[in-house]
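Below: one structure, written as structure tokens.
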Amino acid sequence: MSDILTHIDAGVMTLTFNRLDKKNSITGNMYAAMAQAVDQAQADAAIRVLVIQGHESIFSAGNDIGDFLNKPPSTVDSPVFHFMRALTMFEKPVIAAVAGPAVGIGTTLLFHCDLVYAGDNAAFSMPFVNLGLCPEFASSMLAPQMFGYHRAAEALLLGEAFFAEAALEIGLVNRVVPPTEVNAHAQAQAKKLAAKPLSALIETKRLMKGGQTKALIERMGEEGQSFRRMLTEPAAKEAFGAFMEKRKPDFSKI
Ligand code: COA
């Protein structure tokens with residue numbers, strides 16, 4: 001079965017991370033499938049809402065670290081950047097259903113969703129610094145905007161996880177529900193949205209985004225340039241090597 005499941009029903013396209021044995025970490029092929037699905041959802045007038053969900057035990061462990069080592073995204077056309085641009089520019093409503101860990105892009109993609117529902121077991125983290133990397137998906141801009149600078153610094157410089165109630169308090173999450181109910185709740189909300197006039201949804205989202213999309217794309221370009229360079233540098237090599245060898249990284253000489 002595919003690592004990304006795509007399901008379309010009654011105007012709602014649902015993307016499901018389906019790689020539980022690797023904690024729903026995301027490979028280049030999965031990003032390519034997600035980018036293609038988002039492009040399809042954008043182009044197809046019959047699709048009115050997009051839902052992104054995982055499993056009740058894990059949303060996503062972020063980028064597949066082995067895949068990143070073997071096939072680093074070296075150009076702006078890499079599948080991960082294609083997916084990020086497609087979601088940032090997506091005009092219709094997007095809902096995320098998050099239970100369990102949401103690591104790296106598992107958290108940063110939530111900034112680009114319109115509604116986010118979380119299981120009470122959700123754990124959000126952006127451990128880019130711990131991997132010798134910098135933020136991506138415009139999280140260096142959107143985290144300070146949403147959390148305030150100091151809380152964003154805690155999340156991005158220390159890279160520590162924060163949990164469902166904190167995410168609710170800072171506004172990253174709309175509602176916390178039991179993990180077994182999070183996907184069903186997101187689907188119920190998606191059905192409500194799908195019954196509304198699409199043109200009004202699109203115009204309202206456009207106005208709420210307030211013309212920020214261009215700035216987000218620019219920031220993603222800037223972050224992407226640093227991210228691609230940093231992937232080849234000693235800190236990331238040590239962090240990724242340590243992950244593969246199941247040991248703690250040693251940054252003392254870096
Ligand atoms: N990339 C590749 N493989 C990953 C992965 C990732 N990001 N996250 C988990 N896996 C793999 C593990 O290597 C392990 O594989 P194995 O069974 O072949 O040894 C399997 O998934 C289970 O992971 P494990 O760490 O044992 O699960 P856990 O429940 O104890 O912890 C996480 C879950 C998500 C908290 C933990 O796996 C984790 O922190 N992952 C790394 C997250 C990360 O740094 N992502 C990069 C962000 S840019």
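When a ligand or atom number is given, it counts from 1 through the structure's own listing order.
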Only pairs under 3.5 Å count here: list side-chain donor-acceptor contacts from residues 99-108, not counting sequence neighbours, and write none if there are none.
from, atom 1, to, atom 2, distance (Å)
Thr107, OG1, Ala102, O, 2.6
Thr107, OG1, Ser125, N, 3.2
Thr108, OG1, Glu136, OE1, 2.7

Which atom pairs, one a donor and one an acceptor, fall under 3.5 Å between side chains of residues 184-192 and the rest of the protein, sequence neighbours left out?
from, atom 1, to, atom 2, distance (Å)
Gln187, NE2, Thr14, OG1, 3.0
Gln189, OE1, Lys192, NZ, 2.8
Gln189, NE2, Tyr117, OH, 3.0

Salt bridge present between Arg247 and Glu238 (N-O < 4.0 angstrom):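 Looking at Arg247 and Glu238, the cut-off is met.
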
Heavy-atom pair of closest approach, residues Ala239 and Leu131: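 It is CB-CA, 3.6 Å.
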
Minimum heavy-atom distance Ala155-Phe162, with the two atoms named: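 The answer is CB-CE2, 4.2 Å.
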
Residue list, salt bridge (Lys or Arg N to Asp or Glu O under 4.0 Å) with Glu91, at least two apart or on another chain: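 For Glu91, no residue satisfies salt bridge (Lys or Arg N to Asp or Glu O under 4.0 Å) once neighbours in sequence are set aside.
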
Put together the list of close N/O pairs, under 3.5 Å, between ligand 1 and the protein, could you?
from, atom 1, to, atom 2, distance (Å)
ligand 1, 1 (N), Ile65, N, 2.9
ligand 1, 7 (N), Ala61, O, 3.2
ligand 1, 7 (N), Asn63, O, 2.9
ligand 1, 15 (O), Lys22, NZ, 3.3
ligand 1, 18 (O), Lys22, NZ, 2.5
ligand 1, 19 (O), Lys246, NZ, 2.8
ligand 1, 29 (O), Lys23, NZ, 3.3
ligand 1, 45 (N), Ala61, O, 2.8

